[in-house]
Every structure is written in structure tokens, then in C-alpha cells.
Amino acid sequence: MDARIAHKLLLKQHCEQIFMQRIAITQQAMDDAQAAANQESKSSVGDKYETARAMNQMEKDMHARQLLAHQQDLHALRMINVQSIYDAPAVGAFVRSTTTNFFIGAGLGKQVVDGEPVIFLSPVSPLAQQLMRKKVGDEFEFKGKNKITAIY
């Protein structure tokens with residue numbers, strides 16, 4: 001296997017692990033909110049009981065929305081093709097510049113993978129959109145001037 005493709009597979013797996021952790025944490029928080037709602041004692045004063053249940057339900061709903069977002073992010077990530085070598089920045093591409101490394105696929109910010117700092121960009125982010133109009137040798141602005149040195 002080409003070392004560049006293996007590198008992108010590693011980056012994609014890193015993203016998948018983060019999303020899986022987020023899904024597990026959010027699911028647990030949702031379950032905890034449901035358990036708290038179920039444990040509210042009916043013997044409490046009526047309004048207090050109803051308020052506590054409503055608050056727990058709102059918390060559960062918030063976690064349910066987060067869970068859905070994480071699941072959608074994971075699904076979108078899994079659809080990304082990292083088996084190709086790109087000659088221009090695209091979804092699934094790794095971009096090396098003079099100061100920073102980027103992976104276009106999931107908006108997870110700066111991560112360290114295999115001892116190497118990489119900024120994970122959402123394909124719809126302004127920086128990813130800017131990069132997608134460039135090629136090796138082109139300059140772009142990111143914390144000062146940068147030059148693209150490799151794309152794959």
C-alpha cells in the first residue's frame with residue numbers, strides 16, 4: 001500500500017475514534033438524563049416535580065440532538081474516499097504546507113496523530129474552501145503566509 005494512502009487511512013481512523021467516543025459519551029449522558037427523570041419522586045410538591053421532569057427532558061432532548069449530529073458526522077466521514085491520491089485539495093485530501101498540515105474531511109480542529117500535528121478541517125469550512133482553490137506551490141493565508149508543499 002502506498003504510504004500516503006496509509007497515512008490518510010490513519011487520519012480517517014483517528015477521526016472515527018473521536019466520533020465514536022463522542023457518540024458513546026453523548027449516549028451515556030442521554031441515558032443519565034432519562035434515569036434522573038425516572039427517579040424524580042412523585043411525592044415531591046407537584047410543581048417542583050413537573051419542573052424537574054421538564055428540565056431532565058430538555059437535557060435528554062439536547063443530548064439526542066448532539067447524538068444525531070455526531071452520528072451524521074461519522075456517517076459523512078465514512079463516505080470519504082482516502083484511497084485516492086489527489087493533485088489538488090479535495091475532500092479526503094491531506095495538504096502539507098510550510099507551517100501546518102491539514103486533512104480535509106472532518107472539522108475536529110488540531111489533533112496530534114502519530115506524533116504529527118494535523119488540523120482536521122470540515123470540507124465546508126472557509127479555510128478548506130480556500131485550500132480547494134489551490135495547488136502545490138500556491139500560497140495562502142493561515143496565521144501568516146503559507147505555501148502548499150504537498151497534496152495527496
Side-chain angles (χ1 to χ4, degrees), residues 1-39 52-152:
M1 177 185 298
D2 186 302
R4 297 171 296 177
I5 290 175
H7 183 236
K8 291 195 305 178
L9 281 169
L10 179 69
L11 296 174
K12 184 176 177 181
Q13 288 169 346
H14 181 82
C15 292
E16 280 189 39
Q17 289 173 345
I18 290 172
F19 286 134
M20 296 296 282
Q21 288 171 343
R22 288 181 179 180
I23 287 168
I25 289 166
T26 305
Q27 182 67 55
Q28 185 60 53
M30 212 169 97
D31 293 346
D32 292 348
Q34 182 63 52
N38 293 344
Q39 289 175 358
R53 282 196 60 87
M55 294 296 286
N56 287 327
Q57 186 60 46
M58 285 174 32
E59 184 179 349
K60 182 182 174 210
D61 291 347
M62 176 194 66
H63 292 305
R65 286 190 299 277
Q66 288 175 340
L67 180 63
L68 180 61
H70 296 325
Q71 289 169 333
Q72 289 171 335
D73 289 342
L74 179 61
H75 177 71
L77 175 71
R78 287 181 172 161
M79 301 306 290
I80 294 172
N81 177 12
V82 293
Q83 299 284 342
S84 297
I85 299 298
Y86 300 98
D87 53 8
V91 177
F94 178 80
V95 179
R96 189 178 304 280
S97 78
T98 48
T99 63
T100 312
N101 300 314
F102 303 95
F103 178 71
I104 303 172
L108 295 173
K110 187 175 182 178
Q111 305 281 324
V112 176
V113 181
D114 218 17
E116 175 182 50
V118 177
I119 296 179
F120 289 82
L121 298 173
S122 165
V124 296
S125 71
L127 182 55
Q129 293 296 308
Q130 181 188 160
L131 288 173
M132 286 186 203
R133 296 189 297 272
K134 306 290 183 184
K135 62 187 182 308
V136 172
D138 285 353
E139 290 188 344
F140 65 99
E141 282 289 325
F142 178 73
K143 297 183 180 179
K145 284 258 186 249
N146 280 278
K147 185 184 222 176
I148 296 175
T149 58
I151 300 168
Y152 55 85

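Hydrogens, waters and symmetry mates play no part in the numbers below; they use all other heavy atoms, side chains included.
If you check the side chains of His14 and Gln17, you find no donor sitting under 3.5 Å from an acceptor.
To the nearest 0.5 Å, atoms CG (Leu68) and CD1 (Ile23) are separated by 10.0 Å. In this structure, NE2 on His70 lies 10.0 Å from NE2 on His63, to the nearest 0.5 angstrom. If you take CD1 on Ile119 and CG on Leu108, they are separated by 12.0 Å, rounding to the nearest 0.5 Å. Atom CD of Gln66 sits about 5.5 Å away from atom OG1 of Thr26, to the nearest 0.5 Å. In this structure, CG on Leu127 lies 11.0 Å from CD on Glu141, to the nearest 0.5 angstrom. A distance of 6.0 Å separates CG of Leu121 from CD1 of Ile104, quoted to the nearest 0.5 Å.
Looking at Ser125, its side chain does come within 3.5 Å of a backbone N or O of Ser122 through a donor-acceptor pair. Within the 3.5 Å criterion, the main-chain N or O of Met30 finds no donor-acceptor partner in the side chain of Glu59. A distance-only check finds a donor-acceptor pair linking the side chain of Lys12 to the backbone of Ile80 [under 3.5 Å]. Side-chain N or O atoms of Lys134 include none that pairs as donor or acceptor with a backbone N or O of Lys147 at under 3.5 Å. Although no hydrogens or angles enter the test, the distance criterion places no donor-acceptor pair under 3.5 Å between the side chain of Asp114 and the main chain of Glu116.
Put simply, the side chain of Ile151 does not reach to within 4.5 Å of the side chain of Leu131, judged on heavy atoms. The shortest side-chain heavy-atom distance between Tyr86 and Asn81 falls under the 4.5 Å cut-off. Between Phe94 and Arg4 there is no side-chain heavy-atom pair separated by less than 4.5 Å. You'll find the side chain of Pro89 stays beyond 4.5 Å of the side chain of Phe102, heavy atoms only. Between Gln111 and Val118, every side-chain heavy-atom pair lies at or beyond the 4.5 Å cut-off. Under the 4.5 Å side-chain criterion, counting only non-hydrogen atoms from C-beta, His7 is not in contact with Asp2.
Remark: Asp138 engages Lys135 in a salt bridge (Lys or Arg N to Asp or Glu O under 4.0 Å) (not counting sequence neighbours).
Within a 6.0 Å sphere centred on CE of Met62, heavy atoms belonging to other residues, nucleotides or ligands number more than 12.
Scanning both residues, Pro123 and Ala106, for their nearest heavy atoms gives CD-N, 4.4 Å. Looking at every heavy atom in both residues, Thr98 comes nearest to Lys145 through OG1-O, 4.4 Å. The minimum heavy-atom distance between Leu77 and Cys15, with the atom names listed, is CD2-CB, 3.3 Å.
Of the residues listed (Gln27, Gln34, Gln28), the one engaging Asp31 in a side-chain hydrogen bond (donor to acceptor under 3.5 Å, both in side chains) is Gln27, and it is the only one.
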Inset, instruction - Could you go through the ring pair (Phe, Tyr, Trp, His ring centres under 6.0 Å) check for Phe120 and Phe103 one step at a time? - result: CA-CA 5 Å; Phe120 289 82; Phe103 178 71; 5.8 Å; yes
